[in-house]
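Here is the structure we will look at.
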Amino acid sequence: MEELRKSDPEIYDLIGKEERYEFDSVRLIPSENYASAAVLEATGSILTNKYSEGYPGRRYYEGQRYIDTLESLVIDRAKALFGAEHANVQPYSGSPANLAVYFGLVKPGDTIMGMALPMGGHLTHGWNVSITGTFWRSVQYNVDRETHRIDYDAVRDLARRERPRMIVCGATAYPRKIDFKAFGEIAKEVGALLLADIAHIAGLIVGGQHPSPVPYADAVTTTTHKTLRGPRGAMILCRGEHADAIDKAVFPGLQGGPHNHTTAAIGVALKEAATPEFRDYAAQIVRNAKALAEELLARGFSLVSGGTDNHLILVDLTSKKVIGKKGAKALDAAGIVCNYNTVPYDPRKPFSPSGLRLGTPAVTSRGMREPEMKQIAKWMDEAIAQAGDEAALKRISGEVAEMCHHFPAPGLSIR
Ligand SMILES: *Cc1c(COP(=O)(O)O)cnc(C)c1O
């Protein structure tokens with residue numbers, strides 16, 4: 001980044017510091033990852049110069065001879081990888097992708113039914129502060145109070161009572177497999193459309209570690225930057241019968257020109273995700289999450305639902321007598337980055353909840369395995385026990401950085 005260094009030292013310096021931080025720390029934010037150098041190159045390419053409102057063969061701008069080929073190639077890769085009838089690769093990110101699906105398939109004021117945010121659902125699944133809980137009538141389902149799992153009978157009862165136009169499944173903080181087939185049956189019974197939002201688990205699905213919703217859902221949305229390890233962006237996959245409505249909702253309904261540099265980088269990520277190495281990666285993400293969960297349990301941490309079968313762990317810190325925010329801050333000072341999070345039926349307020357959300361996609365991208373997960377759990381235990389002790393946290397952060405130096409991260413120039 002020589003040109004950037006010369007022309008804008010302030011920005012250059014901040015990017016350099018962030019890179020150092022991403023190299024020296026254990027990153028356990030489950031929605032984060034390390035995109036490959038190839039993905040970053042496509043993202044930083046001259047494609048950022050182009051305008052191309054419309055779709056391949058149907059543009060409002062001339063000059064599309066290469067862009068049309070590019071977008072068609074990426075659409076074909078998306079359809080092939082997920083086995084979908086139609087793909088739209090233009091949504092700017094996960095939230096606008098969900099908005100486009102509602103806008104395309106649900107009339108304003110009609111009912112949508114998603115999982116409540118404090119239970120692990122996403123803001124855009126109809127939570128009241130989101131546009132999705134305002135423009136549409138929203139009803140929300142919870143997880144079971146005892147098992148912390150989705151209670152499919154309760155979901156069916158609510159759907160029968162409320163007769164939603166669309167049911168939304170998928171989550172942002174749910175450590176267990178989601179039964180997309182069951183959701184498909186419930187939607188069918190009540191005459192609802194089904195949207196599956198696989199933003200967090202798309203990489204696990206293509207890697208064979210989680211069942212796919214594609215056979216059961218009318219539309220599937222996903223971000224491309226989480227377990228899929230691509231650029232920041234999103235895609236909508238849908239049945240052929242909804243293709244027109246979805247495409248029109250994205251453009252001209254919601255967006256202007258697509259971000260072609262992102263489209264290209266999504267294509268690169270989809271090609272990477274179709275390899276045997278990526279399948280191994282997805283399997284290791286889950287093994288690492290299980291190893292981390294086991295060691296945390298052995299050290300007296302309490303986990304929502306008692307464990308995990310995906311990439312994500314929700315810790316209830318109540319048993320450690322530390323609140324989520326304080327725990328997350330102490331861990332960051334110790335070089336372990338995660339976020340505080342509500343736990344189901346959290347007695348505390350959302351801006352200062354009881355839990356922590358952890359995930360293994362990023363550390364797995366660095367080649368860390370079960371022994372490192374054990375070590376990370378040990379450091380977490382020490383950091384939480386000494387949450388106010390700056391010297392202790394600093395000592396741990398040194399040990400964390402030492403370990404990290406043995407695991408080069410994809411895309412970083414520091415080795
Ligand atoms: C991350 C996420 C989104 C939103 O993605 P953004 O790119 O942050 O807008 C949507 N749905 C779920 C389930 C997510 O986890």
Side-chain angles (χ1 to χ4, degrees), residues 27-33 35 39 43 82 88-103 112-127 129-133 136 138 140-143 150 166-178 180 183 194-205 210 212-213 217 219-238 246 249-250 254-255 258-259 262-263 265-266 269 285 289 304 308 310-314 338-342 344 355 357-362:
R27 297 171 61 228
L28 295 180
I29 308 268
S31 50
E32 290 188 352
N33 214 326
V39 164
T43 307
F82 287 91
N88 185 308
V89 297
Q90 294 192 5
Y92 297 147
S93 213
S95 301
N98 285 344
L99 196 52
V101 172
Y102 304 139
F103 186 54
I112 59 172
M113 179 178 136
M115 180 148 76
L117 177 78
M119 301 290 154
H122 193 258
L123 276 167
T124 57
H125 296 180
W127 191 241
V129 299
S130 155
I131 184 173
T132 62
W136 292 274
S138 166
Q140 304 254 279
Y141 55 88
N142 299 322
V143 295
I150 296 167
M166 177 173 278
I167 295 176
V168 189
C169 58
T172 204
Y174 186 69
R176 296 297 179 174
K177 287 205 170 95
I178 294 172
F180 292 122
F183 271 109
L194 181 66
L195 165 62
D197 177 351
I198 58 169
H200 263 259
I201 57 172
L204 301 183
I205 289 169
H210 192 294
S212 168
V220 175
T221 52
T222 182
T223 55
T224 48
H225 48 273
K226 297 180 183 175
T227 48
L228 210 49
R229 215 162 58 180
R232 298 201 85 88
M235 305 189 295
I236 303 171
L237 311 162
C238 68
I246 293 291
V250 173
L254 200 61
Q255 301 187 169
H259 294 179
T262 301
T263 306
I266 290 173
I285 290 177
V304 168
T308 179
N310 58 20
H311 65 302
L312 182 145
I313 297 164
L314 269 180
C338 66
N339 63 277
Y340 63 84
N341 213 93
T342 52
R357 190 180 69 145
L358 316 172
T360 53

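Just so you know, ligand 1 is whichever comes first in the structure, and atom 1 is the first atom listed for that ligand.
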Nearest to atom 11 (N) of ligand 1, what protein heavy atom do you find, and at what distance?
Asp197 OD2, 2.5 Å
What residues form a side-chain contact (heavy atoms from CB on, under 4.5 Å) with Leu314, not counting sequence neighbours?
Ala173, Val304, Leu312, Asn341, Arg357
Can you list the ligand 1 atoms lying under 4.0 Å from a non-hydrogen atom of Ala171?
13 (C)
Among all protein non-hydrogen atoms, which one is nearest to atom 7 (O) of ligand 1, and what is the separation to 0.1 Å?
Ser93 OG, 2.4 Å
Heavy-atom donor-acceptor pair, Glu32 side chain to Arg27 backbone, under 3.5 Å:
no
For Thr223, the atoms of ligand 1 under 4.0 Å from one of its heavy atoms are 5 (O), 7 (O)
Under 4.0 Å from one or more heavy atoms of His225, ligand 1 contributes atoms 7 (O)
Quick check, are the ring centers of Tyr174 and Tyr141 under 6.0 angstrom apart?
no
Any sub-3.5 Å donor-acceptor pair from Thr223's side-chain atoms to Ala199's backbone N or O?
yes
Decide whether an N or O pair under 3.5 Å exists between Gly170 and ligand 1.
no
Residue portion contacting ligand 1 (non-hydrogen atoms closer than 4.0 Å) for Ser31:
neither
Whether Thr221 side chain and Ile236 backbone form a donor-acceptor pair below 3.5 Å:
no
For Arg232, salt bridge (Lys or Arg N to Asp or Glu O under 4.0 Å) partners two or more places apart:
none
Is there a donor in the side chain of Ser130 and an acceptor in the side chain of Thr132, or the other way round, less than 3.5 Å apart?
yes
Counting each atom of ligand 1 from 1 as listed, which ones have a heavy atom of His200 under 4.0 Å away?
15 (O)
Which residue and heavy atom of the protein sit nearest atom 9 (O) of ligand 1, plus the separation
Ser95 OG, 2.7 Å
Ignoring hydrogens and geometry, is there a side-chain-to-backbone donor-acceptor pair from Gln140 to His125 under 3.5 Å?
yes
Is it the side chain (CB and beyond), the backbone, both or neither of Ala199 that lies under 4.0 Å from ligand 1, heavy atoms counted?
side chain
Candidates His122, Arg232, Lys226; heavy atom nearest atom 1 (C) of ligand 1 found on Lys226
State the atoms of ligand 1, each with its element, that fall below the 4.0 Å cut-off from a heavy-atom position in Thr172.
14 (C), 15 (O)
